[in-house]
> 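The following block contains the structure, expressed as structure tokens.
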Protein chains: 2
Amino acid sequence: MKPSKDPQPRSANNSIVDVAVLARVSVATVSRVLSGQRDKNDDVDRRVRQAAATLNYSVNAAAKALRSKVSGVLGVVAPKPIDFPASQLISELEPAAKKAGKNLALALAETQQELDDKVRSLILRDIDGLIVIAPQNCRLPSTKDATNSPGTPIIQLLGHNASPQVSWIGIDTTAAMRAAMQHLADANATSIAFLSPTLDSGMVSDALVAFQSSDQITELIRNPAWTTCGACTIRRGYDDALRMFADKDETPDGIICGNDQIALGVLQALNQLHIVVPDQVMVVSFGDSPLALMSEPSLTSVCPPYRTMAHEAIRLLLLESEGTRRLYPHTTFPPQIIDRGSTRKLMHV
Amino acid sequence: MKPSKDPQPRSANNSIVDVAVLARVSVATVSRVLSGQRDKNDDVDRRVRQAAATLNYSVNAAAKALRSKVSGVLGVVAPKPIDFPASQLISELEPAAKKAGKNLALALAETQQELDDKVRSLILRDIDGLIVIAPQNCRLPSTKDATNSPGTPIIQLLGHNASPQVSWIGIDTTAAMRAAMQHLADANATSIAFLSPTLDSGMVSDALVAFQSSDQITELIRNPAWTTCGACTIRRGYDDALRMFADKDETPDGIICGNDQIALGVLQALNQLHIVVPDQVMVVSFGDSPLALMSEPSLTSVCPPYRTMAHEAIRLLLLESEGTRRLYPHTTFPPQIIDRGSTRKLMHV
DNA sequence: TTGTAGGCGTTATCAA
DNA sequence: TTGATAACGCCTACAA
């Protein structure tokens, strides 16, 4: 049923003036009602909303941005091609941004040069904030250029090159390592091995330190030869595991892997040696990639707190774009252990 | 009157008027030079560009969009969470869009409801075109609503529910299947098995038809029991392969897998049976996911033509947004075989 | 080819 | 609280 008037529900050719006329108020009032500045629930409010609905009206984003200096857009720079962590972060960023009334403008960068370009380009587009998921081997900003005009708040996600001039949200790798060890200890592991990534490869780099210095559970590290560094590949995990279990006299009963690929290799080696996971040896990995669900048994993995990081990034950006204060906090969040088949649940006795 | 002394390189507070004053021309001329309407390489051109550079000026996107009705933004709707094909497509779409001077606005959707919302929301934001990478089990549009006002060209990528009212770009699965078989035939395979996804699961659904009806090489399909349907999991591939090779009398020497996970399971089974890949049996899979590089040997895989699809999508969108004609072409592109360790290269004799 | 001037649709200002 | 009006920064007829 339509109202008695002549609604003209044509495509979005309607402007705020049409709504004002139909609602018999001024354009200013329409603007206030529709932007939430006018909170009353009276007749004016109803008339305006009714008119807007009838005309199928929605505000023109460009005009709004031009006038109010708020574009309603958050920029996101991610690695090209988009890797798994970036896709997870973006998947969490988008709903969080939407909930704050922001859209996402996505740019990708592969090199430092591209990163600089994209950052500049986005900032010039009047975005309300910028989130950078830095590609490997890239710094932000490369030079503290005119890029970072005081206008746009910037926040870096992941990476470990965060300059003191840039807000940063990352993973608490120390807590991650501790959680992994505690998880194994709780399941009665007595001797733990650690297959670390090479030290320069980021995410778990200082996890090695945490591993070797974790106070309460140091006694779990029996053999220095069980701490290895190397590539994040299936083959590396396979080779290291074979080597570790060559000497039947002394073998670990818990293995922490720098990522899921390494863990997959470990699993293959153990399977070949007829060592049963998790009964004889337990395995924990970092990253919780899709791989973790594919293996047999599935991998207990330390999952980066993507959702928490995304929400915090949005929150910070909103905060900084409103207030005048501009701090550059460096925040880390502890990841969560996803318990799966490769570790044994502790039985309550 | 100090041309080079006091350039005011402050943040982007400068407008086209400042540039015009500094270059001693009118704002119209500045607009024309900077938007490429004025092609001459004369003194005026140089003065304008010099002034713009000096003032660190760049056009205000909002004002430009408001006035010219062209926002310079393409909308992209992708599944939430972003899956591998979507991340590949986006990784190709972004540079292609950038090259055309467009930015990407990214929205994610998980349900039909969300898809409709995001499509509507993006179209209302005055985007120049919309690319939809449809989530599973979603249709576009759900109802031919006011969403598809004649204003914004829309194109769907992947999925197989493309309505005749929507432009669509997909994969030529028939060609894909043919290429896989031809690849095996060229490497002297004589009997081929096909581990198909369940028929409703999209991508390779009609590949089964192509498999069974491929004219020239039908003789390669020896045994109907070698064509199976099932889940796209490692275990399924493992189980099917074990079953297939239980009877030593008659076994295939080429296996085509519906995706990389199935292929991984096949590889594991063959390895366990001490059947050497590719010497005794060759394996080809669909999808070319990161998994393909992780296996031992690495997987020869049929790679969807992400780049081609992305470029064609951008091209079509640009075309439709300029011309008045609005066709709804349905296009498919053949994928490319990435030759890796799981198939044997044909030796030239 | 160049300049002038009028809007694009909205929000902010200010007076009522 | 509401309404009239002036920007916001740019593009584009139209005139010179």
Side-chain angles (χ1 to χ4, degrees), chain A residues 8 10-49 51-52 55-73 101 124-128 151 322, chain B residues 8 10-49 51-52 55-73 101 124-128 151 322:
Chain A
Q8 286 216 357
R10 291 159 54 179
S11 59
N13 280 334
N14 293 313
S15 88
I16 198 172
V17 179
D18 304 301
V19 180
V21 170
L22 186 55
R24 286 168 297 162
V25 294
S26 72
V27 291
T29 301
V30 175
S31 174
R32 287 191 272 256
V33 169
L34 262 35
S35 68
Q37 286 193 38
R38 187 186 186 283
D39 223 356
K40 293 167 69 175
N41 211 9
D42 57 1
D43 187 53
V44 171
D45 185 284
R46 268 191 299 281
R47 285 213 310 275
V48 169
R49 297 192 188 282
L55 295 173
N56 194 20
Y57 166 84
S58 69
V59 301
N60 181 309
K64 177 176 193 153
L66 173 60
R67 184 59 235 238
S68 68
K69 308 278 188 195
V70 176
S71 64
V73 174
L124 290 178
R125 274 191 85 78
D126 290 324
I127 55 176
D128 300 339
E322 288 175 4
Chain B
Q8 286 212 354
R10 290 158 53 179
S11 61
N13 278 334
N14 294 312
S15 87
I16 198 172
V17 180
D18 305 302
V19 179
V21 170
L22 186 56
R24 286 168 297 160
V25 293
S26 72
V27 290
T29 301
V30 175
S31 173
R32 287 192 269 257
V33 168
L34 261 35
S35 69
Q37 286 194 38
R38 186 186 185 283
D39 224 356
K40 293 168 69 174
N41 211 9
D42 57 1
D43 187 52
V44 170
D45 185 283
R46 266 190 300 279
R47 286 212 311 275
V48 169
R49 297 189 188 282
L55 295 173
N56 194 20
Y57 167 83
S58 69
V59 298
N60 180 309
K64 178 178 193 151
L66 174 59
R67 183 59 232 246
S68 68
K69 308 282 185 193
V70 176
S71 65
V73 175
L124 289 178
R125 274 191 84 79
D126 289 325
I127 56 177
D128 300 338
E322 288 175 3

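The chains referred to below are lettered A, B, ... by the order of the sequence lines, with proteins before strands, and numbering in each begins at 1.
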> More than 12 heavy atoms of other residues, nucleotides or ligands under 6.0 Å from CG of Asp42(B): is that the case?
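Count over threshold, so yes.
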> What heavy-atom pair brings Ile16(B) and Val27(B) nearest, and what distance separates the two atoms?
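Where Ile16(B) meets Val27(B) most closely, the heavy atoms are CD1-O, 3.6 Å.
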> How many whole angstroms separate atom CG of Asp45(A) from atom C1' of dT1(D)?
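Going from Asp45(A) (CG) to dT1(D) (C1'), I get 13 Å.
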> Atom CG of Asp43(B) and atom C1' of dT1(C): how far apart are they, to the nearest Å?
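Nearest whole value for this atom pair: 14 Å.
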> Rounded to whole Å, please give me the gap between CZ in Arg24(A) and C1' in dG3(D).
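The distance from CZ of Arg24(A) to C1' of dG3(D) comes to 16 Å, rounded to the nearest Å.
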> Hey, what do you get for CG (Leu66(A)) to NZ (Lys64(B)), rounding to the nearest 0.5 Å?
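Here the interatomic distance stands at 14.0 Å.
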> Atom CZ in Arg32(B), atom CZ in Arg38(B): separation rounded to 0.5 Å?
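The CZ atom of Arg32(B) sits 9.0 Å away from the CZ atom of Arg38(B).
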> Tell me the bend of the helix from dT1(C)-dA16(D) to dA16(C)-dT1(D) as the angle between end helix axes, each from five pairs, rounded to the nearest 10 degrees.
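Taking five pairs per end, the axes differ by 30°.
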> Provide the closest heavy-atom pair for Asn41(A) versus Arg46(A) in the form atom of the first, atom of the second, distance.
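Closest approach of Asn41(A) to Arg46(A): O-NH1, 3.1 Å.
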> For dG3(C), take OP1 and OP2 only and decide whether either is under 4.0 Å from a side-chain N or O of Thr29(B).
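The answer is yes; a side-chain N or O of Thr29(B) sits under 4.0 Å from OP1 or OP2.
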> Round to a whole Å and report the spacing from CZ of Arg38(A) to P of dT11(C).
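Spelled out: CZ on Arg38(A) to P on dT11(C) is 15 Å.
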> Any chance you could list the contact pattern along nucleotides 7-16 of chain D? Use B for base contacts, S for sugar-phosphate-only contacts and - for none, protein heavy atoms under 4.0 Å, 5' to 3'.
BBBBBB----
> Side chains of Asp126(B) and Ser71(B): is there a donor and an acceptor less than 3.5 Å apart?
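Side-chain D/A pair, Asp126(B) to Ser71(B): absent.
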> Hey, could you give me the CZ/OG distance between Arg67(B) and Ser31(B), rounded to the nearest 0.5 Å?
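So the gap between those two atoms works out to 10.0 Å.
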> Counting only heavy atoms not in Asp43(A) (residues, nucleotides, ligands), do more than 12 fall under 6.0 Å from its CG?
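Yes, the 6.0 Å shell around CG holds more than 12 heavy atoms from other groups.
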